[in-house]
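Structure first, then comments.
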2 protein chains.
Amino acid sequence: MSMRLQDVSETAPLRSCTHEYKVNCETCRLSRICLPLAINHKDLEQLENIIQRSKPLQKNELLYHEGSPFQSIYAVRSGAVKGYRTTSDGREQVTGFYFPGEILGMDGISNNSHASSARALETSAICAIPFDSLERLSASMPSLQRHLFQLMSREITEDQLLITLLSKNSADERVATLLLSIASRNARRNLSASQFRLPMSRVDIGNYLGLTVETISRVFSRMQKTGVLRVDNKEIEILDQEALQLAANIAN
Amino acid sequence: MSMRLQDVSETAPLRSCTHEYKVNCETCRLSRICLPLAINHKDLEQLENIIQRSKPLQKNELLYHEGSPFQSIYAVRSGAVKGYRTTSDGREQVTGFYFPGEILGMDGISNNSHASSARALETSAICAIPFDSLERLSASMPSLQRHLFQLMSREITEDQLLITLLSKNSADERVATLLLSIASRNARRNLSASQFRLPMSRVDIGNYLGLTVETISRVFSRMQKTGVLRVDNKEIEILDQEALQLAANIAN
DNA sequence: GCGCGGCCATGATGCAGATCAAGAATCGGC
DNA sequence: GCCGATTCTTGATCTGCATCATGGCCGCGC
């Protein structure tokens, strides 16, 4: 609610930046886990041509806002982004965290308007991929079309996992599951799966997991006391992977 | 858990039925809200050719099962279906209810294997649409491709609404929201939005909404007592639409 | 038409996590 | 490198829903 006070630095949409940053998928070390993974070398250039890159988003800047016209889906190149929707009484519900190599914004397709908002959790570089171009391209590139279907399908199954987590699991289980998810996504990017810095606040974690800040704090403290984690503010070290897995696997 | 006892009548997959039932999209009164809505008259025949119809599923029969190979998405023609996934400790989480004209099974695309199961809540006629054919077709029919993207996107936004409901709303709010959702989906099919029969049990409702059977019963009783609903077993009448909307709209 | 099994309703009690409150640590701006 | 704002931690208390328990109901098979 008082979150609203942060809305000071909302930027114009990405595409209004005329200056294109010199990056391409060819040399991007995320290409093996991002959109290009579906595309062979010679087709990559066509994708390359439609992707727009712009100056990085600063922490707390908006990538897109609920209700704004849908034009692009986005790939995170660096940093981290949270997706959320605002309820009618003004509270927000965090629906996902997005790390480098991950795609967001696909919920805007059905209405031609974004159904959620996205905000940078830290300074983040983002690739915008205009969806109408992508659609045209994918009609002639079956592997791209398939990959897009798969991406959306994965988003659906992940949302269903979250639904299950929220309706069946205890606070400890929810937190353990989130930490393991972040750990495995780090591993995918060849980062440490056992030691990392959380880009999001306790409030965001609690919001995402359907818990209060206090509960998140308590779970972290408890897990620190039992030797499962070492917690130093946002710095997390998983000391006992097995125990954490056990805590998470009770019900999923 | 004791749900398992119902698993008596599982059928072979739809496509093993050689006998095709004489139905087509052209004459189906759901065509305006189902897949064909995206397709013009002359292209419809091609879609028609790939759709498989088979003998109706009986109550409690499985349409597809978690982990089974993904081949088709499904459209409900009559009856009602519930989607659910089984947690590692054997409990089930209902992830959605599907009524005539609605599409399910898209969560299977990402892995080529179904991420959830689907079971008929009552005798139900189902159209199976082989996905590889649909994919090929959609590469040459932009409006179909777009419609598929939109369908999946809608599923994502609906899952996000459920996530919000589960993590922010009280028992009353959840139940009210579900009833209004069913009412409006009835209206889309030109059925009464104020009087209908619930195809699912209280257990399924509770499971879907992250509540226990007892709580569902109590909420129904309470709403009956306050004159918002008339409840007669599965038969529901919405007496005070405004009040119900108010109860639901507290937070979404 | 009777009996049995699954489904539903309702009351009594317990508990996980929310809420309220207050202090400590950290961050960001100058 | 200091100060105010924000974020985080920890404790005390409260509460909505789960859990446990019981009885009624409804539908179905014989």
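To find a chain, count down the sequence lines: A is the first, B the second, and so on, and within it residues start at 1.
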For a quick check under 3.5 Å, do A/Gln93 and B/Ser167 share a side-chain donor-acceptor pair by atom type?
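Indeed, the side chains of A/Gln93 and B/Ser167 share at least one donor-acceptor pair under 3.5 Å.
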Of B/Leu244, B/Val219, B/Val228, which is the lone residue that meets side chain to side chain contact (heavy atoms under 4.5 Å, CB included) with B/Leu179?
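For B/Leu179, the side chain to side chain contact (heavy atoms under 4.5 Å, CB included) test succeeds with only one of B/Leu244, B/Val219, B/Val228, which is B/Leu244.
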Side chain to side chain contact (heavy atoms under 4.5 Å, CB included) partner of A/Phe99, the single match among A/Leu121, A/Ile182, A/Val76:
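Among A/Leu121, A/Ile182, A/Val76, the one meeting side chain to side chain contact (heavy atoms under 4.5 Å, CB included) with A/Phe99 is A/Ile182.
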Send over the distance from [X] [atom1] to [N] [atom2], rounded to a whole Å.
{"X": "B/Ile205", "N": "C/dA9", "atom1": "CD1", "atom2": "P", "result": "10 Å"}
{"X": "A/Leu166", "N": "C/dG17", "atom1": "CG", "atom2": "C1'", "result": "14 Å"}
{"X": "B/Gln224", "N": "C/dC8", "atom1": "CD", "atom2": "C1'", "result": "13 Å"}
{"X": "A/Asn60", "N": "D/dA5", "atom1": "CG", "atom2": "P", "result": "18 Å"}
{"X": "A/Gln58", "N": "C/dG28", "atom1": "CD", "atom2": "C1'", "result": "14 Å"}
{"X": "B/Phe220", "N": "C/dC8", "atom1": "CZ", "atom2": "C1'", "result": "11 Å"}
{"X": "A/Arg202", "N": "D/dT10", "atom1": "CZ", "atom2": "P", "result": "10 Å"}
{"X": "A/Arg197", "N": "D/dC8", "atom1": "CZ", "atom2": "P", "result": "10 Å"}

Apply ring-ring contact (aromatic ring centres under 6.0 Å, His included) to A/Phe196 and list each qualifying residue two or more places apart in sequence or on a separate chain.
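If we apply the ring-ring contact (aromatic ring centres under 6.0 Å, His included) test to A/Phe196, skipping adjacent residues, there are no hits.
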Parallel, tilted or perpendicular: which fits the ring planes of A/Tyr64 and A/His114, with parallel below 30° and perpendicular above 60°?
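Judged by the thresholds at 30° and 60°, the geometry between A/Tyr64 and A/His114 is parallel.
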Might you point out which heavy atoms bring A/Thr215 and A/Ala171 nearest each other, and give the distance in Å?
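Looking at all heavy atoms of both residues, the closest pair is CG2-CB, 3.7 Å.
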Dump the intermediate steps for side chain to side chain donor-acceptor pair (under 3.5 Å) on B/Thr87 and B/Asp89, then the final yes or no.
CA-CA 5 Å; B/Thr87 61; B/Asp89 61 350; 2.4 Å; yes
Those residues of residues 226-239 of chain B lying under 4.0 Å from DNA chain C by at least one heavy atom
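Close to the strand are B/Asn233, B/Lys234.
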Check nucleotides 11-20 of chain D against the protein and report each pair of N or O atoms closer than 3.5 Å, with its distance, or say if there are none.
from: D/dG11; atom 1: N7; to: A/Arg218; atom 2: NH1; distance (Å): 2.8
from: D/dG11; atom 1: O6; to: A/Arg218; atom 2: NH2; distance (Å): 3.4
from: D/dA12; atom 1: N6; to: A/Arg218; atom 2: NH2; distance (Å): 3.4
from: D/dC17; atom 1: OP1; to: B/Ala171; atom 2: N; distance (Å): 2.8
from: D/dA18; atom 1: OP1; to: B/Thr212; atom 2: N; distance (Å): 3.2
from: D/dA18; atom 1: OP2; to: B/Thr212; atom 2: N; distance (Å): 3.4
from: D/dA18; atom 1: OP2; to: B/Thr212; atom 2: OG1; distance (Å): 2.9
from: D/dA18; atom 1: OP2; to: B/Thr215; atom 2: OG1; distance (Å): 2.2
from: D/dT19; atom 1: O4; to: B/Arg218; atom 2: NH2; distance (Å): 2.9
from: D/dC20; atom 1: N4; to: B/Glu214; atom 2: OE2; distance (Å): 3.1

Among B/Arg91, B/Glu66, B/His65, which residue satisfies the side chain to side chain donor-acceptor pair (under 3.5 Å) criterion with B/Thr86?
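Result: among B/Arg91, B/Glu66, B/His65, B/Glu66 is the only option passing the side chain to side chain donor-acceptor pair (under 3.5 Å) with B/Thr86.
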Does D/dT6 have its OP1 or OP2 closer than 4.0 Å to a side-chain nitrogen or oxygen of A/Ser201?
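No, outside the criterion.
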Test side-chain contact (heavy atoms from CB on, under 4.5 Å) applied to A/Ser153 and B/Met106, step by step:
CA-CA 6 Å; A/Ser153 173; B/Met106 294 177 295; 5.8 Å; no
